[in-house]
Amino acid sequence: MKKYLLLLGIISMLLISCSEQPKEVQPTLQPKAVVGPADEPLEPIVVSDSKIKEFDITAKKFEFIPSTITVNQGDKVRLNIKSVDVTHGFAISEFGISENLRPGKTVTVEFTADKKGEYIFFCSVYCGGGHSGMRGKLIVE
Ligand code: CUA
């Protein structure tokens, strides 16, 4: 019996607080109007459509592996390039990229592929007989 009374007391307190609260906060609005907006799902926040595309590239006499990289326009591109023999270079003229690749060290290059097309990347440090043919292709779709 005591428990029942206690429960009744709690319920009536809840009812009182529920019915009073809207009046205190917004006297002119119906309780439903006060509660309504809070129930609506939040709009997802879209920061950007672009994604980060990451590639590990090996440089050696006289090639880049992989030699073709394909990304979408607007992608952020991250290239982790490592020479496994002598010092090479890595350059993409159209994106203002020119790096020296010392043997055994990974060089990270980041840029935004903001224009469509096909761009040659090439070794920019003389590395021997096949230097001029040491190149690859970046495709931005
Ligand atoms: Cu590799 Cu020049």
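The basis for the numbers below is simple: all heavy atoms, side chains too, and nothing from hydrogens, waters or symmetry mates.
Applying the salt bridge (Lys or Arg N to Asp or Glu O under 4.0 Å) test to every pair with at least one member in residues 103-132, sequence neighbours left out, gives these pairs: Arg78-Glu110, Glu118-Lys137. Residue pairs meeting the side-chain hydrogen bond (donor to acceptor under 3.5 Å, both in side chains) criterion with at least one member in residues 56-66, sequence neighbours excluded, are Asp56-Asn80. Sorted pairs that involve residues 93-103 and meet side-chain hydrogen bond (donor to acceptor under 3.5 Å, both in side chains), not counting sequence neighbours, are lacking altogether.
At least one side-chain heavy atom of Leu138 sits less than 4.5 Å from a side-chain heavy atom of Val71. The closest side-chain heavy-atom distance from Ile120 to Ile92 is not below 4.5 Å. Side-chain atoms of Leu79 and Ile69, non-hydrogen and from C-beta on, do get closer than 4.5 Å to each other.
When all heavy atoms of Thr70 and Phe55 are compared, the pair lying nearest together is O-CZ, 3.8 Å. In terms of heavy-atom proximity, Cys127 sits nearest to Thr87 at CB-O, 3.7 Å. Of all non-hydrogen atoms in Ala113 and Val77, the two that sit nearest each other are CB-CG2, 4.1 Å. Residues Val86 and Pro103 come closest through the heavy atom pair C-CG, 3.7 Å. Across Leu101 and Ala59, no two heavy atoms sit closer than the pair CD1-CB, 3.8 Å.
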For this session: Tell me, with the steps shown, if Asp75 and Lys53 meet salt bridge (Lys or Arg N to Asp or Glu O under 4.0 Å).
Result: CA-CA 7 Å; Asp75 284 343; Lys53 293 262 177 82; 2.8 Å; yes
For this session: Decide yes or no on side chain to side chain contact (heavy atoms under 4.5 Å, CB included) for Ile139 and Thr68, but give the supporting numbers first.
Result: CA-CA 7 Å; Ile139 301 170; Thr68 303; 3.7 Å; yes
For this session: Begin from the C-alpha positions of Met134 and His88 and carry the test side chain to side chain contact (heavy atoms under 4.5 Å, CB included) through to its verdict.
Result: CA-CA 9 Å; Met134 187 172 170; His88 296 281; 3.2 Å; yes
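Val140 and Ile57 fall within the same hydrophobic cluster, where Ile, Leu, Val, Met, Phe, Trp and Tyr residues are linked whenever their side-chain heavy atoms come under 4.5 Å apart, directly or through other members. Put simply, Ile97 and Ile81 are part of the same group of oily side chains (I, L, V, M, F, W, Y) that touch within less than 4.5 Å, one to the next. By the criterion of side-chain heavy atoms lying less than 4.5 angstrom apart, applied directly or through intervening Ile, Leu, Val, Met, Phe, Trp or Tyr residues, Tyr119 is grouped together with Val109 in one hydrophobic cluster.
The aromatic rings of Phe111 and Phe95 sit tilted relative to each other, their planes meeting at an angle between 30° and 60°.
Aromatic rings from Phe90 and Phe64 are positioned such that their centres are separated by under 6.0 Å.
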